[in-house]
Enquirer: 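What follows is a single structure, and I will ask about it in a moment.
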There are 2 protein chains.
Amino acid sequence: MIELRHLRYAVTVADEGHMTRAAERLGIQQPPLSQQIAKLEAIVGASLFKRLPRGVELTEAGRTFVERARTILHDVDLAIEATRRNARGEEGSLAIGFTSSAAFHPLLSSAVRSLGETSPDVALKLEEASTPDLIAMLHSGLLDVALVRSPVAQSGGLVISRILDEEMLVALPDRHPLAMPKGEKPRRIQLSELANEAFILYRRPSGPGLYDSIIAACLAAGFSPKIRHEAPRLLSTLSLVAAGLGISIIPGSIARLETNGIAYLRLDPGANLVAPLYLARKDEQPSGALQLFADIVQHEKASMKHQP
Amino acid sequence: MIELRHLRYAVTVADEGHMTRAAERLGIQQPPLSQQIAKLEAIVGASLFKRLPRGVELTEAGRTFVERARTILHDVDLAIEATRRNARGEEGSLAIGFTSSAAFHPLLSSAVRSLGETSPDVALKLEEASTPDLIAMLHSGLLDVALVRSPVAQSGGLVISRILDEEMLVALPDRHPLAMPKGEKPRRIQLSELANEAFILYRRPSGPGLYDSIIAACLAAGFSPKIRHEAPRLLSTLSLVAAGLGISIIPGSIARLETNGIAYLRLDPGANLVAPLYLARKDEQPSGALQLFADIVQHEKASMKHQP
DNA sequence: CAGTATCCATATGTTTGAGATATGCCATGA
DNA sequence: TCATGGCATATCTCAAACATATGGATACTG
């Protein structure tokens with residue numbers, strides 16, 4: 001059976017035109033090289049070299065063979081290198097999913113940007129979907145990784161890592177009595193102060209999310225929130241708040257998107273309400289690109305923590 | 001060092017998704033296959049397979065590697081096949097040289113035609129030159145084979161094989177007294193009958209050829225031929241004969257080219273004058289195409305001998 | 001839930017073939 | 001004519017591929 005060793009030997013003998021010198025280059029003695037070339041000629045079923053009194057010369061069939069052998073050896077090197085690059089996350093593909101509430105977190109955008117800069121040959125696919133859809137896509141292999149807001153059901157076979165907790169803010173119409181006039185020192189509001197407010201919450205029709213966390217926190221504060229409106233899209237909640245139809249509680253990263261007509265109040269730490277961000281992936285060895293992305297996410301998170 | 005064996009093993013494991021079945025296909029036991037895959041992963045420096053409870057699955061890096069491995073293995077098969085085809089004379093190149101007096105022999109044209117039909121992928125190069133030039137081109141490798149009319153000097157390193165002897169004919173103006181009127185039974189002429197004729201011979205400025213053979217035969221017949229004209233091209237001799245300026249002696253194969261105004265007489269066998277045809281090539285193992293051509297020449301010659 | 005089956009990895013022994021060494025054969029060069 | 005160059009052949013050694021035995025982990029079945 002032909003091996004790459006045979007190709008390396010034939011190419012080197014052809015280059016040297018001299019078996020003894022070729023053997024030296026190859027780090028073996030001349031008799032085994034002579035034998036291996038003879039074996040190769042038997043495998044191929046053709047004479048590749050003319051044995052001359054002083055050295056050897058390729059036959060025409062030998063020229064045909066050595067030319068292709070050279071290309072094959074080069075392709076082998078390329079195959080190894082491409083595989084290594086892929087394993088290092090320098091090339092390949094990565095399908096990243098996220099919920100709408102995770103979409104606006106700067107960590108996602110900075111990590112994606114950083115990955116793009118670090119590994120321009122990695123093909124990225126971004127997918128926004130609900131948490132259950134994201135989980136299903138992870139299981140089916142349509143996604144490699146997903147950023148979600150809650151630890152999820154059907155997480156068997158997945159690794160769900162809590163990346164960070166994001167502060168939740170109270171969004172209320174800027175003319176709301178609780179809204180601080182400009183110039184006044186901002187204070188942290190107690191959740192219980194919202195007991196009589198009309199709530200506008202964003203709720204996905206399927207599966208859990210921040211919605212349930214907010215409900216749970218209100219109950220813990222001693223009241224059942226009056227949910228007057230449920231918006232089908234996250235940004236719709238802010239529009240309704242701006243229109244004066246009620247208040248909402250949203251992750252801090254979203255606050256930056258819409259400030260017109262809306263005032264944002266921070267909650268008292270006792271409210272114990274945060275918007276966690278989870279990174280979910282399959283519980284198996286990750287691809288190079290996925291490993292790199294996870295590393296970048298950790299790195300970007302650490303960078304954000306130390307910003308003023 | 002990576003070998004084709006590793007590529008074959010990886011591709012088969014990938015195809016089966018199961019090491020034990022892959023080992024069966026490869027004709028080895030499962031433990032050595034597992035070890036060889038591990039060695040390959042060490043050589044490449046990346047994990048190629050995820051080990052699952054039931055079988056294995058390619059990693060993304062593994063997919064990159066196996067895809068290229070598959071191509072490489074196919075290219076190896078192509079390299080072997082192309083080399084075999086070349087060695088069999090089914091592809092490659094052949095540079096054939098011939099003297100002007102050999103050019104018109106039907107053996108050359110039929111052999112070239114036959115080679116073209118047998119091996120359409122052999123690139124042919126035909127070259128007409130003088131005998132010394134042909135010999136020099138053989139030595140320098142510009143030609144692979146040459147058809148010449150005389151055994152040559154500086155033939156060291158060459159194999160000169162006499163292929164056949166071609167009959168020489170006397171060419172004379174059709175109104176020449178020696179020319180038979182149409183209808184009369186043709187007879188063979190004695191060389192000596194030409195003692196008083198004006199000879200027109202084709203002589204190349206350099207080197208021997210049929211010229212010297214003709215001179216020698218005339219001397220053997222008891223006279224020195226009166227050479228009135230020497231033509232620079234072989235066909236010129238026939239033109240001069242047709243013009244009535246003298247007679248010539250030419251190889252029989254050329255007689256078919258020009259019959260207008262010329263009568264051809266056969267010589268008495270005692271004239272001992274023939275136009276030999278030699279095949280000259282380097283004294284080393286021939287390429288596939290050259291070997292095939294030589295075989296075809298022998299075969300065509302045998303075919304011609306048995307034609308009426 | 002315990003026993004069994006599946007399937008790959010590890011440990012150890014055997015066999016094979018690549019490579020080393022010694023030497024032969026042939027052509028060239030001095 | 002003899003020495004040298006250079007590849008081929010003969011024989012031996014040992015590294016590595018492979019076989020066998022077994023282990024470890026997970027899934028399946030009764």
Side-chain angles (χ1 to χ4, degrees), chain A residues 1-44 46-59 62 66 139 155-159 282-285, chain B residues 1-44 46-59 62 66 139 155-159 282-285:
Chain A
M1 207 87 165
I2 194 166
E3 292 293 1
L4 289 176
R5 179 179 74 252
H6 296 118
L7 275 56
R8 295 189 194 101
Y9 290 176
V11 168
T12 304
V13 169
D15 286 345
E16 291 289 341
H18 191 285
M19 287 227 189
T20 308
R21 286 204 304 270
E24 284 163 16
R25 265 176 67 182
L26 292 161
I28 67 172
Q29 300 295 317
Q30 172 267 322
L33 178 57
S34 179
Q35 285 177 315
Q36 287 293 323
I37 293 296
K39 273 190 173 180
L40 173 60
E41 286 175 323
I43 291 168
V44 171
S47 172
L48 304 176
F49 292 97
K50 301 167 193 166
R51 273 68 165 183
L52 306 176
R54 288 280 192 276
V56 296
E57 195 175 279
L58 280 170
T59 61
V66 161
H139 278 302
S155 57
L158 299 183
V159 170
K282 264 184 168 175
D283 184 14
E284 63 185 21
Q285 71 189 98
Chain B
M1 205 86 163
I2 194 167
E3 292 292 359
L4 289 176
R5 178 181 73 250
H6 296 119
L7 275 55
R8 294 188 195 101
Y9 289 178
V11 168
T12 305
V13 170
D15 286 346
E16 291 288 342
H18 191 285
M19 286 228 192
T20 309
R21 287 204 304 269
E24 284 163 17
R25 266 177 65 180
L26 292 161
I28 65 173
Q29 300 296 317
Q30 173 268 321
L33 178 58
S34 179
Q35 287 178 314
Q36 287 294 324
I37 293 297
K39 274 192 172 180
L40 173 60
E41 286 174 324
I43 291 169
V44 171
S47 172
L48 304 177
F49 293 96
K50 300 166 193 167
R51 274 68 166 181
L52 307 175
R54 287 282 192 278
V56 295
E57 195 176 279
L58 280 169
T59 61
V66 161
H139 278 302
S155 57
L158 298 182
V159 171
K282 264 185 170 177
D283 183 15
E284 64 183 21
Q285 74 188 94

Enquirer: Taking all non-hydrogen atoms of both residues into account, name the closest pair between B:Q285 and A:S47 and its distance.
Expert: NE2-OG, 2.9 Å
Enquirer: Look at all strands and tell whether B:K39 reaches a base, only sugar-phosphate, or nothing, counting heavy atoms closer than 4.0 Å.
Expert: sugar-phosphate
Enquirer: Mind checking if B:P32 touches a base, just sugar-phosphate, or nothing, with heavy atoms under 4.0 Å?
Expert: base
Enquirer: By the 4.0 Å heavy-atom rule, please label B:R51 as base, sugar-phosphate, or nothing.
Expert: sugar-phosphate
Enquirer: Is A:R8 salt-bridged to A:E3, cutoff N-O under 4.0 Å?
Expert: no
Enquirer: Are A:E41 and A:R51 within salt-bridge range, i.e. N to O under 4.0 Å?
Expert: yes
Enquirer: At a heavy-atom distance below 4.0 Å, what parts of residues 4-19 of chain B sit against DNA chain D?
Expert: B:R5, B:Y9
Enquirer: The helix from C:dC1-D:dG30 to C:dA30-D:dT1: angle between its terminal axes, five pairs each, to 10°?
Expert: 10°
Enquirer: Is there a donor on the side chain of B:Q35 or the base of D:dA17 sitting less than 3.5 Å from an acceptor on the other?
Expert: no
Enquirer: Under 4.0 Å, counting only non-hydrogen atoms across every strand here, what does A:Q36 touch: a base, just sugar-phosphate, or nothing?
Expert: sugar-phosphate
Enquirer: Return the value, rounded to whole Å, for the distance between atom CD of B:Q30 and atom P of C:dT10.
Expert: 11 Å
Enquirer: Pick the nucleotide of DNA chain D nearest each of A:P53 and A:P31; which residue has the one closer to the 5' end?
Expert: A:P53
